[in-house]
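Take a look at the structure set out below.
Treat the numbers as computed from the prediction; the structure is a model and nothing was measured. FYI, the numbering just counts along the sequence from 1.
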Amino acid sequence: MSPYAAGRRSVHRSVAAGVPLALLAALTVAGTAVGAPSGEARVTGSATLGDIPLGTFSNALLPGTVGDDRGVDLGGIGSDIYPAGRKGEFWTVTDRGPNGQIKVAGEKRRTFPVPGFDPAIVRIRVSGGTVKVLDAIPITTFSGKPVTGLSNQKGRDEAPYSYDASTPLSYNPNGLDTEGIVRAEDGSFWLVDEYGPSLIHVSARGKVLTRYVPKGLGLTGADYRVVEALPAVLLHRKINRGFEGLAQLPGGDLVMAVQSPLSLPNTDAGEASLTTRLLRFSTKKRAVTAEYAYRFDPVNVVDPSEDDTSELKISSVVAVGRDRLLVEERTDKAARLQVVKLTRSADILGDEWDDDTTSPSLEQLDDPAASGVPVLRKRLVVDLGTVKGVPGKIEGVARVDHDTLALINDNDFGMTDGPEAFDAQGRLVDSGIETTVTYVRLPRGI
């Protein structure tokens, strides 16, 4: 959840129920360029999504999905951003929906205040200081029902609870915590998910065609096709830190980023590790064809205010050439963008590092390169933490042109952790964090 909840605002409902979806957008802040010395990266514009009641949004897509949105507005669309082909237009995707954590008797419980919320693909237009919703596509099962964002498996995923953490909710094997998004030439979409972790192929109308999961996951009961096609080592993903970044290379291959180091051989090893993994997936073969070791910079380099290594994440990856990738390393307050080249010599797929009995594990190596692991070489493109006007928790990055990037933040639907997230009537006490698209110009390009 958002670590910076200062500046709370009262919930403002600016859109009445029944308004056509194409009109469900509003302007709040005018876009302005933020000055910077010549030769430095700078913000050239920003735009903000206005207040759209979550119930209105969801029920316009799938009537009756949300009975009570508890005063929550549409947010969370900043899980990723992908160019839609027209100037200023992008595809975005929500995550699993409003969620938080409340500690009960010393135990942290995962709350889902709007359990009926269904993740959606959202097409937006950035115009001046406005982010407008042009269209939205609900993500549905084979039979057309909402997948929801609820946890999949007992014992593997966090147990779901009501908004006040008092009432257990049912697990849902269809549930998706969607993150990265790309659009294929045929109009279908590819998404990634943090639960499985999963790679999901979705039709142009939002129906899940296939969900690719790690071998041995044993996900049963889903109302769509599930294929165990990913390396079994991914079963060791940190809870809710599966795939978050997704890129589409010019030849059609996909690259998925594991958000955080695997918990291999245990949680402590994963929390302390600086090594995570990227996987290459052939959409023609429908199989993983390569795997790469990616090494984070020390956490205090990425974010000088942070000393907890476990706060490091990869949230976005963007193709910038045939085999070149822009990778976002971040905490919730800062981010740096690096370029890597995916070479055949760096492929570790099927090596000893995919064997979870290997000791020490890849994640435990203090210097993987010294142990013979071909870690991807990287080059810093920009430290977004030093660019005035860039908000926190950037989860989506899109390349607009050679010199310009579009960034989108995850505002967590205005939610914070703890019982104070809702008032005595069960209505959201909004964090005041808005969904913002920010343009950044790089003087030397990528």
Side-chain angles (χ1 to χ4, degrees), residues 76-84 90-97 119-124 136-137 139 147 149 175-185 187-204 206 208-214 229-230 234 237-238 240-250 252-260 276-283 288 290-292 294 312-320 324-330 335 337-338 340 342 393-399 405-410 412 435 437:
I77 68 171
S79 288
D80 203 5
I81 186 169
Y82 188 78
F90 302 93
W91 293 105
T92 67
V93 64
T94 71
D95 58 19
R96 57 183 167 176
I121 296 166
V122 183
R123 185 167 182 160
I124 62 171
I137 304 168
I139 302 173
V147 296
L176 297 172
D177 187 1
T178 44
E179 296 291 342
I181 181 173
V182 301
R183 192 167 188 246
E185 290 184 357
S188 64
F189 297 92
W190 290 92
L191 311 171
V192 288
D193 148 82
E194 293 197 74
Y195 284 142
S198 313
L199 172 67
I200 308 134
H201 193 200
V202 176
S203 76
V208 175
L209 302 174
T210 308
R211 182 180 183 181
Y212 298 93
V213 301
L230 308 181
L234 297 178
R237 64 98 175 96
K238 181 178 178 179
N240 204 49
R241 293 275 190 94
F243 294 141
E244 184 150 297
L246 177 66
Q248 185 175 45
L249 298 173
D253 281 3
L254 304 174
V255 180
M256 305 165 281
V258 182
Q259 184 181 14
S260 298
T276 191
R277 305 175 188 229
L278 307 179
L279 288 95
R280 187 167 184 157
F281 183 90
S282 169
T283 56
V288 174
E291 180 182 355
Y292 310 95
Y294 183 92
L312 289 169
K313 312 173 184 75
I314 291 179
S315 278
S316 183
V317 288
V318 181
V320 292
R324 295 171 68 235
L325 206 64
L326 189 66
V327 180
E328 181 203 9
E329 299 180 28
R330 74 165 180 90
L337 301 181
Q338 309 272 359
V340 299
L342 307 176
K393 206 172 184 185
I394 295 296
E395 289 200 4
V397 179
R399 192 180 191 187
L405 300 173
L407 315 175
I408 191 167
N409 68 312
D410 179 9
D412 291 315
T435 298
V437 175

Arg280/Tyr292 under side chain to side chain contact (heavy atoms under 4.5 Å, CB included): CA gap, chis, key distance, verdict: CA-CA 8 Å; Arg280 187 167 184 157; Tyr292 310 95; 3.7 Å; yes
Main-chain N/O of Val258 paired to Thr276 side chain as donor or acceptor, under 3.5 Å: yes
Side chain to side chain contact (heavy atoms under 4.5 Å, CB included) between Tyr82 and Leu246, worked out: CA-CA 10 Å; Tyr82 188 78; Leu246 177 66; over 6 Å; no
Side chain Thr178, main chain Thr94, donor-acceptor under 3.5 Å: yes
CA sep, side-chain torsions, deciding dist, call: Val192, Leu254, side chain to side chain contact (heavy atoms under 4.5 Å, CB included): CA-CA 10 Å; Val192 288; Leu254 304 174; over 6 Å; no
Approximate separation, where rounding is to 0.5 Å, of Thr283 OG1 and Gln248 CD: 7.5 Å
Distance (rounded to the nearest 0.5 Å) between Leu199 CG and Arg211 CZ: 10.5 Å
Gap separating the CG atom of Leu407 from the CD1 atom of Ile394, nearest 0.5 angstrom: 5.0 Å
Check: Asp193 side chain, Asp177 main-chain N or O, donor-acceptor pair, under 3.5 Å: yes
Shortest non-hydrogen separation from Gly396 to Ile81 and the atoms involved: C-CG2, 3.5 Å
Value rounded to 0.5 Å, distance of CD in Glu194 from CZ in Arg96: 7.0 Å
Evaluation steps, side chain to side chain contact (heavy atoms under 4.5 Å, CB included), between Phe189 and Ile137: CA-CA 11 Å; Phe189 297 92; Ile137 304 168; 4.0 Å; yes
Residue from Glu395, Arg330, Lys393 passing side-chain hydrogen bond (donor to acceptor under 3.5 Å, both in side chains) with Ser315: Arg330
is_close_aromatic(Phe281, Tyr212), centroid dist under 6.0 Å: yes
CG-OG distance between Leu337 and Ser316, expressed to the nearest 0.5 angstrom: 8.0 Å
Where Ala84 and Arg123 come nearest, the two heavy atoms and their spacing: O-NH2, 3.5 Å
Any donor-acceptor pair under 3.5 Å from Tyr195 side chain to Gly149 backbone: yes
Heavy-atom side-chain proximity of Leu234 to Leu279 below 4.5 angstrom: yes
Arg183 versus Trp91, closest heavy-atom pair with distance: CD-NE1, 3.3 Å
Heavy-atom closest pair, residues Val255 and Leu325: CG1-CD2, 3.7 Å
Parallel, tilted or perpendicular: ring planes of Trp190 versus His201, cut at 30 and 60 degrees: parallel
Smallest separation among heavy atoms of Val147 and Pro119, with atom names: CG2-CD, 3.9 Å
Distance-minimising heavy-atom pair for Ala398 and Pro83: CB-CD, 4.0 Å
Distance-only side-chain donor-acceptor flag, Gln338 / Tyr294, under 3.5 Å: no
Separation between CD1 of Ile408 and OG1 of Thr92, rounded to the nearest 0.5 Å: 5.5 Å
Sidechain-backbone polar pair: Ser260 side chain, Arg241 backbone, donor-acceptor under 3.5 Å: no
Backbone N/O of Ile181 and side chain of Asp80: donor-acceptor pair under 3.5 Å: yes
